[in-house]
Structures are given as structure tokens and as C-alpha cells.
Amino acid sequence: MEKIIKILKKSSFLNVHKSKDLQIEYRTMCKEFNKYGISSTYNDDRSFFELEIIYTSLINKQVFEQHYENLKSELIEIWPYFEYEERKKCIDKEMLKAKISTKYFQNDQGKTIRIAFFDELLNSLYENEMIIFDLPQYFKLEKVFNDRMDNVNNYSYKPYQAGFSSCVFLERTADGYVIFNKFTKSMYINFFDRGYYQFPFDRHKDERYFQANVLHALAKAILTGTNTQIIDELVKSHLCSVYIDRLLIEYRNQIARRG
């Protein structure tokens, strides 16, 4: 597969740094991250997509906290006189609005995750027990939470599948998963034990070429097929330039001659 990737990269291709749309998004993310001391550094496309997941999670977190604050403001005169059950009932009802407007996924244990940089426990508190934010030790989580942030990769492909990134989730197997980004016109393959790879396509191709059935067929070949099958799907997809197609076919012929 490494040889195929080398061939694909012989033609000029896009990455996050070269994408105007993603750089505009990056500036927006940086403004929010700076408010909380979250690092906005990225070294490659993969780490940029991880920042997107962090950003979506941060927005989700803010939505829950804003609904909580709005409720307390509306009931500020009587809130101190509410018993625990009365407060919880009011908060749970208000949080239904937050849940409708935020992205989420289920982790391997079936628990709802809306904040991918938090563990299952903290997500559970936001999901079911926002009333604890009446307590000082939890209220500070609104502004200070760097020490509680986990690696978003802990949730593997699931944030991508749930739309936490600009990437579209395509396929997965026990060995890895494939995502696609329309702005870089590239697939990204994360093999759990073999590394992370970019499959760049012709930067001049427009959206008409990137049809779902074409992308899914190619993703399946990448995850489960031989080099010959991958090349066949690449050529059939018309996602590469004529020059790259010719190089791929030459490589396919070499494989065939070697038997």
C-alpha cells in the first residue's frame, strides 16, 4: 500500500494547511481554545481533525452550561428555596433542549458521549446530573478543565461517525477505519496497528466525482483488499489524474508480472 500512496503523492495534492476553508475554521477554533488555555497546535491533517473533535465537544459543553445558567437566571429569586428534587426536575427539563441541539455518540459501553475530551464519568454528569454544578468543586469545570481533558482518540472512529469533524466516516473493520475530507479531497486510513495514511486525490476534481458509492467501494478495498484491488478501484473511481492513473496501471502490471 505504501507504494500506491507514493504514486498518489506524485501529483500536487491538498492538505489542511492548503485549504482556505479549513484555515478559516482553524482561526475560529483558536479564538475559543484561547479562552480556556487549550492548545491549538496541529502538526498534520490528523491532529487538525482531532482539534475539530475537541472544538465540537467544547461547543457541546458550552451549550449545556449556558442552558444551566439561563435556567438559574430565570429562577434566581426562588432558586435558593428549591429542594434538591425540585431543582433537579427543572434542570433535567431544561437539559432536554441542550440534548436536542448537540452531537453525540455511544461509547463501547453504550454510554452517551457529547464531550469527547472528557471521560465517561464526566459525560454522565453532563448528561444526567447537571444539578451537581451547584457545588463549587464542579462549577469550576465551566472555566477550568484542562487537567480533566483526555485524548479524543480514546473513542476511535466514533466522533467521526457522529459528525464531530469535517471528515465523513466511510468504513471500518477490526483493523482500522477510513474517513474522507471534502476540503482536502483525501481519504485518511487509520490502521490500529499499522499507522495512519493519507490517500490524496486530484485536487482539480469537483464534487461530482466524490459520490458516496464510489468512496465506500474504495474504502472497503483499502481496508480488506489487495494492492491490485485497491488500484482497480482507484482507476475505476476517476478520482485521480490521467497521469496518476497511468502510474497506477504500470504498478499493477508489475505486480501481475511478479505473480
Task: Value rounded to 0.5 Å, distance of CZ in Arg252 from OG1 in Thr226 - done: 8.0 Å
Task: Check: Thr56 side chain, Phe164 main-chain N or O, donor-acceptor pair, under 3.5 Å - done: yes
- [ ] State yes or no: do Leu51 and Phe105 share one hydrophobic cluster built from I, L, V, M, F, W and Y residues joined by side-chain heavy-atom distances below 4.5 Å, directly or via other members?
- [x] yes
- [ ] Please name all residues satisfying side chain to side chain contact (heavy atoms under 4.5 Å, CB included) with Asn227, sequence neighbours left out, ordered by chain then number.
- [x] Met1, Ile4, Ile230, Tyr251, Ile255
Open item on the list: Counting the benzene-type ring for Trp, do Phe201 and Tyr209 have ring centres under 6.0 Å apart?
Closed with: no
Open item on the list: Checking Ser47 against Asp44: is there a side-chain donor and acceptor pair closer than 3.5 Å?
Closed with: yes
Open item on the list: If you count heavy atoms of other groups shown closer than 6.0 angstrom to CD1 of Ile76, is the number above 12?
Closed with: no
TODO: Any pair with a residue in residues 22-44 that passes ring-ring contact (aromatic ring centres under 6.0 Å, His included), sequence neighbours left out, goes on the list, sorted by first then second residue, please.
DONE: Tyr26-Tyr42, Tyr36-Phe145, Tyr42-Phe48
- [ ] Answer whether the closest heavy-atom distance between the side chains of Phe117 and Leu58 falls below 4.5 Å.
- [x] yes
Open item on the list: For a quick test of reading the model, state the closest non-hydrogen atom pair linking Thr184 to Ser186 and the distance between them.
Closed with: O-OG, 3.0 Å
Task: Phe82 six-ring face occupied by Lys88 cation (under 6.0 Å, within 45°) - done: no
Task: Pairs touching residues 102-112 that satisfy salt bridge (Lys or Arg N to Asp or Glu O under 4.0 Å), sequence neighbours left out - done: Asp108-Lys158
Task: Ile54 and Val152, any side-chain heavy atoms less than 4.5 Å apart - done: yes
- [ ] Heavy atoms only: give me the nearest Leu215-Met187 pair and the separation to one decimal.
- [x] O-CE, 3.1 Å
TODO: Identify whether Phe64 and Tyr55 are in the same connected component of the hydrophobic contact network (ILVMFWY, side-chain heavy atoms under 4.5 Å).
DONE: yes
Open item on the list: Which heavy atom of Asp150 sits nearest to which heavy atom of Asn154, and what is that distance?
Closed with: CB-ND2, 3.8 Å
Task: Other residues, nucleotides, ligands: >12 heavy atoms within 6.0 Å of Lys10 NZ - done: no
Task: NE2/His216: more than 12 non-hydrogen atoms of other groups inside 6.0 Å - done: yes
- [ ] Could I get the full list of salt bridge (charged side-chain N to carboxylate O under 4.0 Å, His left out) partners for Glu171, not counting sequence neighbours?
- [x] none
Open item on the list: When you compare the side chain of Pro200 with that of Lys9, does any pair of heavy atoms fall below 4.5 Å?
Closed with: yes
- [ ] Quick one: closest heavy-atom pair of Asp45 and Val16, and the distance?
- [x] OD1-N, 3.1 Å
Task: Heavy-atom closest contact (Glu233 atom, Ala217 atom, distance) - done: OE1-CB, 3.7 Å
Open item on the list: Taking NZ in Lys99 as the centre, count heavy atoms belonging to other residues, nucleotides or ligands within less than 6.0 Å. Is the count above 12?
Closed with: yes
Open item on the list: Using the side-chain hydrogen bond (donor to acceptor under 3.5 Å, both in side chains) criterion, which residues pair with Glu32? Sequence neighbours excluded.
Closed with: Lys35, Gln62
Open item on the list: Suppose we screen for side-chain hydrogen bond (donor to acceptor under 3.5 Å, both in side chains). Which residues come up paired with Asn181, at least two apart in sequence or across chains?
Closed with: Ser166
Open item on the list: My understanding is that only residues two or more places apart in sequence, or in another chain, count here; which of them pass salt bridge (charged side-chain N to carboxylate O under 4.0 Å, His left out) with Arg46?
Closed with: Glu50
Open item on the list: Is the shortest side-chain heavy-atom distance between Phe192 and Ser156 below 4.5 Å?
Closed with: yes
Open item on the list: I'd like to check the side-chain hydrogen bond (donor to acceptor under 3.5 Å, both in side chains) partners of Tyr157; sequence neighbours left out, ordered by chain and number.
Closed with: Arg172
Open item on the list: Going by the rule salt bridge (charged side-chain N to carboxylate O under 4.0 Å, His left out), which residues pair with Asp147 if we only count those two or more places apart in sequence or in a different chain?
Closed with: none
- [ ] Sequence neighbours left out, what pairs pass salt bridge (Lys or Arg N to Asp or Glu O under 4.0 Å) with at least one residue falling in residues 67-86?
- [x] Lys72-Asp134
Task: Residue list, side-chain hydrogen bond (donor to acceptor under 3.5 Å, both in side chains) with Asp193, at least two apart or on another chain - done: none
Open item on the list: Surrounding CD of Glu250 (heavy atoms of other residues, nucleotides or ligands, distance under 6.0 Å), is the total greater than 12?
Closed with: yes
Task: Spacing of CG belonging to Leu125 relative to CD1 belonging to Ile132, to within rounding of 0.5 Å - done: 4.0 Å
TODO: Taking all heavy atoms of Ala116 and all of Tyr155, pick out the closest pair and write down the distance.
DONE: O-CE1, 3.2 Å
Task: Partner residues of Lys185 under the salt bridge (charged side-chain N to carboxylate O under 4.0 Å, His left out) criterion, sequence neighbours left out - done: none
Open item on the list: Is there a path of hydrophobic side-chain contacts, each under 4.5 Å between heavy atoms, that joins Ile5 and Leu14?
Closed with: no
- [ ] Can you spot which of Tyr188, Tyr160, Phe169, Phe210 makes a ring pair (Phe, Tyr, Trp, His ring centres under 6.0 Å) with Phe180?
- [x] Phe210
- [ ] Give, for atom CD of Glu65 and atom CD of Glu142, the distance between the pair rounded to the nearest 0.5 Å.
- [x] 4.5 Å
TODO: Starting at CD of Glu52, measure out to CD of Glu25 and round the result to the nearest 0.5 Å.
DONE: 4.0 Å
- [ ] State the CD-OG1 distance between Gln229 and Thr224, to the nearest 0.5 angstrom.
- [x] 7.0 Å
